[in-house]
A.B. asks: 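Before anything else, here's the structure in question.
Keep in mind that this is a model prediction, so the values were computed, not measured.
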Amino acid sequence: QVQLVESGGGLVQAGGSLRLSCAASGRTLSSYVMGWFRQAPGKEREFVAAISWGGSSRNYADSVKGRFTISRDNAKNTMYLQMNSLKPEDTAVYYCAADRSRIVHTPPKMYDYWGQGTQVTVSS
């Protein structure tokens with residue numbers, strides 16, 4: 001079992017940046033594929049980015065490519081999402097998730113453990 005806690009959300013103007021963190025406890029993060037997801041009001045949870053065990057493989061949603069960067073520091077048991085050039089449509093609750101498989105999945109249902117989420121609000 002792994003426990004995940006997100007932090008770093010907040011209110012930012014369009015064009016600004018935020019860095020989200022996901023800290024893990026219970027088990028080492030290096031055993032999991034990790035992902036970021038988001039959910040806006042009235043919408044389904046959607047994939048944002050994912051990263052393999054060692055960080056060599058990364059996958060991004062088309063809507064965030066070139067603006068967001070996912071990374072991980074297994075020594076610190078922490079994953080990050082650097083978000084640049086933020087847009088109002090990026091407003092959502094952002095969740096980190098861990099997947100016990102060795103495949104960088106995109107569907108939320110493939111992930112086994114979830115954090116509680118952190119709110120990101122981008123004003124126009």
Side-chain angles (χ1 to χ4, degrees):
Q1 187 94 12
V2 61
Q3 292 78 43
L4 304 172
V5 178
E6 303 94 337
S7 61
L11 174 64
V12 64
Q13 288 188 333
S17 298
L18 282 174
R19 188 193 196 201
L20 304 184
S21 298
C22 173
S25 61
R27 294 195 66 177
T28 176
L29 261 188
S30 61
S31 301
Y32 300 90
V33 167
M34 299 296 297
W36 285 100
F37 296 81
R38 66 187 181 187
Q39 188 166 17
K43 295 187 177 181
E44 293 187 353
R45 191 168 298 188
E46 66 174 2
F47 170 77
V48 175
I51 188 168
S52 60
W53 289 8
S56 61
S57 178
R58 307 179 191 194
N59 195 356
Y60 296 94
D62 289 343
S63 58
V64 307
K65 278 181 183 176
R67 301 188 298 124
F68 290 12
T69 302
I70 189 171
S71 62
R72 65 192 297 164
D73 186 337
N74 289 337
K76 294 183 178 180
N77 242 20
T78 304
M79 176 182 66
Y80 306 97
L81 185 68
Q82 177 66 43
M83 306 187 295
N84 298 329
S85 302
L86 282 161
K87 305 175 181 180
E89 51 263 44
D90 294 318
T91 295
V93 177
Y94 282 71
Y95 299 90
C96 69
D99 177 1
R100 291 173 294 187
S101 78
R102 300 183 180 215
I103 300 171
V104 180
H105 290 115
T106 59
K109 66 180 181 181
M110 302 304 295
Y111 286 75
D112 303 294
Y113 304 105
W114 292 84
Q116 83 290 348
T118 185
Q119 177 70 47
V120 172
T121 303
V122 184
S123 64
S124 57

A.B. asks: Tell me, with the steps shown, if Gln119 and Thr91 meet side-chain contact (heavy atoms from CB on, under 4.5 Å).
C.D. replies: CA-CA 8 Å; Gln119 177 70 47; Thr91 295; 4.0 Å; yes
A.B. asks: Heavy atoms only: give me the nearest Pro108-Trp114 pair and the separation to one decimal.
C.D. replies: O-CZ2, 3.3 Å
A.B. asks: If only atom types and distance count, is the side chain of Asn77 paired as donor or acceptor with the main-chain N or O of Leu29 below 3.5 Å?
C.D. replies: yes
A.B. asks: Would you say Phe37 and Val64 are hydrophobically clustered, going by side-chain heavy atoms of ILVMFWY under 4.5 Å?
C.D. replies: no
A.B. asks: Go through the structure and list residues passing side-chain hydrogen bond (donor to acceptor under 3.5 Å, both in side chains) with Ser31, not counting sequence neighbours.
C.D. replies: none
A.B. asks: Would you say Asn74's side chain and Trp53's backbone share a donor-acceptor pair under 3.5 angstrom?
C.D. replies: yes
A.B. asks: How would you list all residue pairs meeting salt bridge (Lys or Arg N to Asp or Glu O under 4.0 Å) that involve residues 9-27, not counting sequence neighbours?
C.D. replies: none
A.B. asks: Scan residues 64-106 for pairs that pass ring pair (Phe, Tyr, Trp, His ring centres under 6.0 Å), counting only residues two or more places apart or in two chains.
C.D. replies: none
A.B. asks: Under 4.5 Å between side-chain heavy atoms, hopping through other hydrophobics if needed: is there a path connecting Val104 to Leu4?
C.D. replies: no
A.B. asks: Which pairs count as disulfide bond (SG atoms under 2.5 Å apart) when at least one residue sits in residues 8-120, sequence neighbours excluded?
C.D. replies: Cys22-Cys96
A.B. asks: Does anything in residues 29-57 pair up under salt bridge (Lys or Arg N to Asp or Glu O under 4.0 Å), and if so which pairs, sequence neighbours excluded?
C.D. replies: Arg38-Glu46, Arg38-Asp90
A.B. asks: If the condition is salt bridge (charged side-chain N to carboxylate O under 4.0 Å, His left out), which residues does Arg100 pass it with, not counting sequence neighbours?
C.D. replies: Asp112
A.B. asks: Determine, using the 4.5 Å side-chain heavy-atom cutoff (strictly less than), whether Met34 and Phe47 are members of one ILVMFWY cluster.
C.D. replies: no
A.B. asks: Holding to side chain to side chain contact (heavy atoms under 4.5 Å, CB included), I want the full list of residues that pass it with Gln1, two or more places apart in sequence or in another chain.
C.D. replies: Gln3, Tyr113
A.B. asks: Is there any salt bridge (Lys or Arg N to Asp or Glu O under 4.0 Å) pair reaching into residues 47-59, and which pairs are they, with sequence neighbours excluded?
C.D. replies: none
A.B. asks: Tell me the salt bridge (Lys or Arg N to Asp or Glu O under 4.0 Å) pairs involving residues 72-84, sequence neighbours left out?
C.D. replies: none
A.B. asks: Could you pull out the closest heavy-atom pair between Ala24 and Val2, with the gap in Å?
C.D. replies: CB-CG2, 3.9 Å
A.B. asks: Flag the pair Met83 / Leu20 as yes when at least one side-chain heavy-atom distance between them is below 4.5 Å, and no otherwise.
C.D. replies: yes
A.B. asks: Say you draw a straight line from CD of Gln13 to OG of Ser124; how long is it, rounded to the nearest 0.5 Å?
C.D. replies: 9.5 Å
A.B. asks: Report the C-alpha separation of Tyr111 and Val33 in whole Å, then their side-chain angles, then the decisive distance to 0.1 Å, and conclude whether the side-chain contact (heavy atoms from CB on, under 4.5 Å) test is met.
C.D. replies: CA-CA 9 Å; Tyr111 286 75; Val33 167; 4.0 Å; yes
A.B. asks: Nearest 0.5 Å please: distance from the CD1 atom of Ile51 over to the CG atom of Asn59.
C.D. replies: 11.0 Å
A.B. asks: Give the minimum heavy-atom separation between Pro88 and Ala14, together with the two atoms involved.
C.D. replies: CD-CB, 4.1 Å
A.B. asks: Ala49: what forms a side chain to side chain contact (heavy atoms under 4.5 Å, CB included) with it, not counting sequence neighbours?
C.D. replies: Tyr60, Ile70, Leu81
A.B. asks: Any disulfide bond (SG atoms under 2.5 Å apart) pairs touching residues 34-77, not counting sequence neighbours?
C.D. replies: none
A.B. asks: With sequence neighbours excluded, what pairs up with Lys65 under the salt bridge (charged side-chain N to carboxylate O under 4.0 Å, His left out) test?
C.D. replies: Asp62
A.B. asks: Answer yes or no: is there a side-chain heavy-atom contact under 4.5 Å between Val5 and Gln116?
C.D. replies: yes
